[in-house]
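Here is the structure we will look at.
Quantities reported herein were computed from a predicted structural model and do not represent experimental measurements.
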Amino acid sequence: MEKAFRPMERRMPDRPSAVLAGVIVAFAIAAIPVAAVLAQTSGPFMLRETGQQFENLQQAINAIGAGQGTIAIAPGTYHECAVQTAGSVHYDAVTAGTVTFARTTCEGKAALVLRGRSAAVSGIIFKNMAVPDFNGAGIRLEQGNLDISQSWFADSQQGILSGNDSNGRITIDKVTFSGLGTCEGPGGCAHSIYIGDYGTVQITRSRFEKGRGGHYVKARARTVDITASSFDDSGGRATNYMIDLPAGAAGTITGNWFVQGQDKENYSAFIAVGAEQRLHASDGLAISGNDARLAADVSRSTTFVADWSGDALVLGPNMLGRGLIPFDRR
């Protein structure tokens, strides 16, 4: 028996409703300001791992949180600062020497305040940092490891200032410190680098010049390795030691070039060991293969290494210019 023919029913979409919904969505998208759309997709601070971009550095650091990530920083001069409280963050200039942080500090301390697990800094310039307590720095390291390379610190109260972290590690490679330090503050001097009681500090292939007070390197670390660096004090003003290890230290100071200038607050030594306390043993501290001299217009007598520790330092050979006494026990 043949089935009765029944025309197929066609369910047609509710065309007016569908069209209306589409029109509403289109108008909604069009109504979003262009700047707001761009703000979601562009910015000078980019997380390399995700491609996310942010308008300021603190937002990028917060996005990493307790994790690990690299922030690629576009060329420019930034009047902003940031605080890292967790995680491991690499701050990396897209092109070395084209990123500058200037004149702005967080917490009255520094452009970068670091107290996370670790931090790395590559290719960045820090300049004109000043705060009321005369400790304004490019970087304030409060805990954790720090690796910094191909960067510049200039015309500030301090370059790098750290707290204490006896298990921490600091490495500084191919970094220039120029026009830093001051003894104008009521709390004592600021320095190009001032490292607290850290585990190890390594400084390689770096340059120190034109100090404006204090020491070029002051470090209370347990172990130091200062190698293949230059300390040009010929343009310094009211400076002190080139290297001060006030709490004693083991390690090496080798292959460096030192020139002491005329304008000194204290010209009595180039390198000082244990001048303030004996927190660390200096037995075996090797100071050799260095070239040290007075600037051409300077005529006086001074000491290359002054030691207050009484430990068994390992000295020489070093190339010393006129007027320099190799060693003095104090």
Side-chain angles (χ1 to χ4, degrees), residues 125-130 134 138 151-160 172 174-185 188-194 203-219 224 226-246 252-273 275-276 287-308 313 315-330:
I125 300 169
F126 300 89
K127 63 188 301 185
N128 301 124
M129 302 297 172
F134 292 86
S151 295
W152 296 261
F153 295 83
D155 304 326
S156 301
Q157 291 166 336
Q158 287 196 103
I160 300 172
I172 298 168
K174 293 184 178 179
V175 179
T176 296
F177 299 85
S178 181
L180 303 165
T182 177
C183 290
E184 296 177 2
C189 294
H191 315 282
S192 295
I193 295 177
Y194 189 3
I203 302 171
T204 54
R205 300 183 293 179
S206 294
R207 179 172 176 81
F208 299 83
E209 64 179 15
K210 301 177 183 176
R212 293 297 176 258
H215 311 302
Y216 286 95
V217 173
K218 182 169 185 172
V224 300
I226 303 173
T227 306
S229 296
S230 64
F231 295 78
D232 183 0
D233 185 47
S234 60
R237 187 176 70 230
T239 53
N240 286 277
Y241 305 134
M242 310 278 192
I243 298 174
D244 182 25
L245 307 178
T252 58
I253 300 174
T254 184
N256 303 289
W257 180 77
F258 300 91
V259 173
Q260 188 188 84
Q262 178 66 50
D263 191 345
K264 304 290 290 180
E265 183 181 76
N266 182 351
Y267 64 80
S268 67
F270 281 51
I271 299 170
V273 181
E276 296 179 16
I287 304 175
S288 64
N290 302 287
D291 186 314
R293 61 197 62 242
L294 302 174
D297 59 344
V298 178
S299 177
R300 59 174 171 244
S301 178
T302 184
T303 299
F304 181 49
V305 178
D307 177 55
W308 285 259
L313 310 187
L315 300 179
N318 295 286
M319 289 188 63
L320 304 181
R322 58 180 171 75
L324 267 73
I325 300 165
F327 177 77
D328 182 8
R329 182 83 71 186
R330 300 186 182 179

Discussion item. Looking only at the side chains, is there a donor atom on one of D232 and S234 sitting less than 3.5 Å from an acceptor on the other?
Written reply: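 Looking only at side-chain atoms, S234 and D232 do form a donor-acceptor pair, the distance falling under 3.5 Å.
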Worksheet item: Under 3.5 Å, is there a donor-acceptor pair between the S178 and E209 side chains?
Response: yes
Nearest non-hydrogen partners of [X] and [Y], listed with the distance:
X: S301; Y: Y267; answer: O-CE1, 3.9 Å
X: S288; Y: G316; answer: CB-O, 3.3 Å
X: Q157; Y: A190; answer: O-CB, 3.4 Å
X: A272; Y: W308; answer: CB-CZ3, 3.7 Å
X: R330; Y: A269; answer: NH2-CB, 4.3 Å
X: D244; Y: E276; answer: OD2-OE2, 4.4 Å

Would you say [X] and [Y] make side-chain contact, with heavy atoms under 4.5 Å?
X: N240; Y: H191; answer: no
X: L320; Y: P326; answer: yes
X: I193; Y: F153; answer: no
X: N290; Y: F270; answer: no
X: C183; Y: F134; answer: no
X: F304; Y: I271; answer: yes
X: T239; Y: F208; answer: no
X: F231; Y: V217; answer: yes

Practice prompt. With side-chain contact (heavy atoms from CB on, under 4.5 Å) as the test, would you mind laying out the steps for L294 and Q260 before giving the verdict?
Written response: CA-CA 5 Å; L294 302 174; Q260 188 188 84; 3.5 Å; yes
Practice prompt. Dump the intermediate steps for side-chain contact (heavy atoms from CB on, under 4.5 Å) on I172 and I160, then the final yes or no.
Written response: CA-CA 10 Å; I172 298 168; I160 300 172; 4.1 Å; yes
Rounded distance [0.5 Å steps], [atom1] in [X] versus [atom2] in [Y]:
X: T176; Y: R205; atom1: OG1; atom2: CZ; result: 12.5 Å
X: D328; Y: T302; atom1: CG; atom2: OG1; result: 9.5 Å
X: M242; Y: D233; atom1: CE; atom2: CG; result: 4.5 Å
X: L180; Y: H215; atom1: CG; atom2: NE2; result: 14.5 Å
X: L315; Y: I287; atom1: CG; atom2: CD1; result: 5.5 Å
X: S229; Y: I253; atom1: OG; atom2: CD1; result: 11.0 Å

Discussion item. Holding to side chain to side chain donor-acceptor pair (under 3.5 Å), I want the full list of residues that pass it with R293, two or more places apart in sequence or in another chain.
Written reply: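 Testing R293 for side chain to side chain donor-acceptor pair (under 3.5 Å), a comparison that skips the adjacent residues, returns D291.
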Worksheet item: Taking only residues two or more places apart in sequence or in another chain, which ones pass side chain to side chain contact (heavy atoms under 4.5 Å, CB included) with R329?
Response: D307, F327
Discussion item. I'd like to know if the side chain of T252 reaches the main chain of T254, judged simply by a donor and an acceptor atom lying under 3.5 Å from each other, with no hydrogens or angles considered.
Written reply: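 Checking the backbone N and O of T254 against the side chain of T252, no donor-acceptor pair under 3.5 Å is found.
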Worksheet entry | Donor-acceptor contact below 3.5 Å, side chain N256 vs main chain S230 |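 A pair under 3.5 Å: no.
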Worksheet item: Considering residues, nucleotides and ligands other than K264, do more than 12 of their heavy atoms fall under 6.0 Å from its NZ?
Response: yes
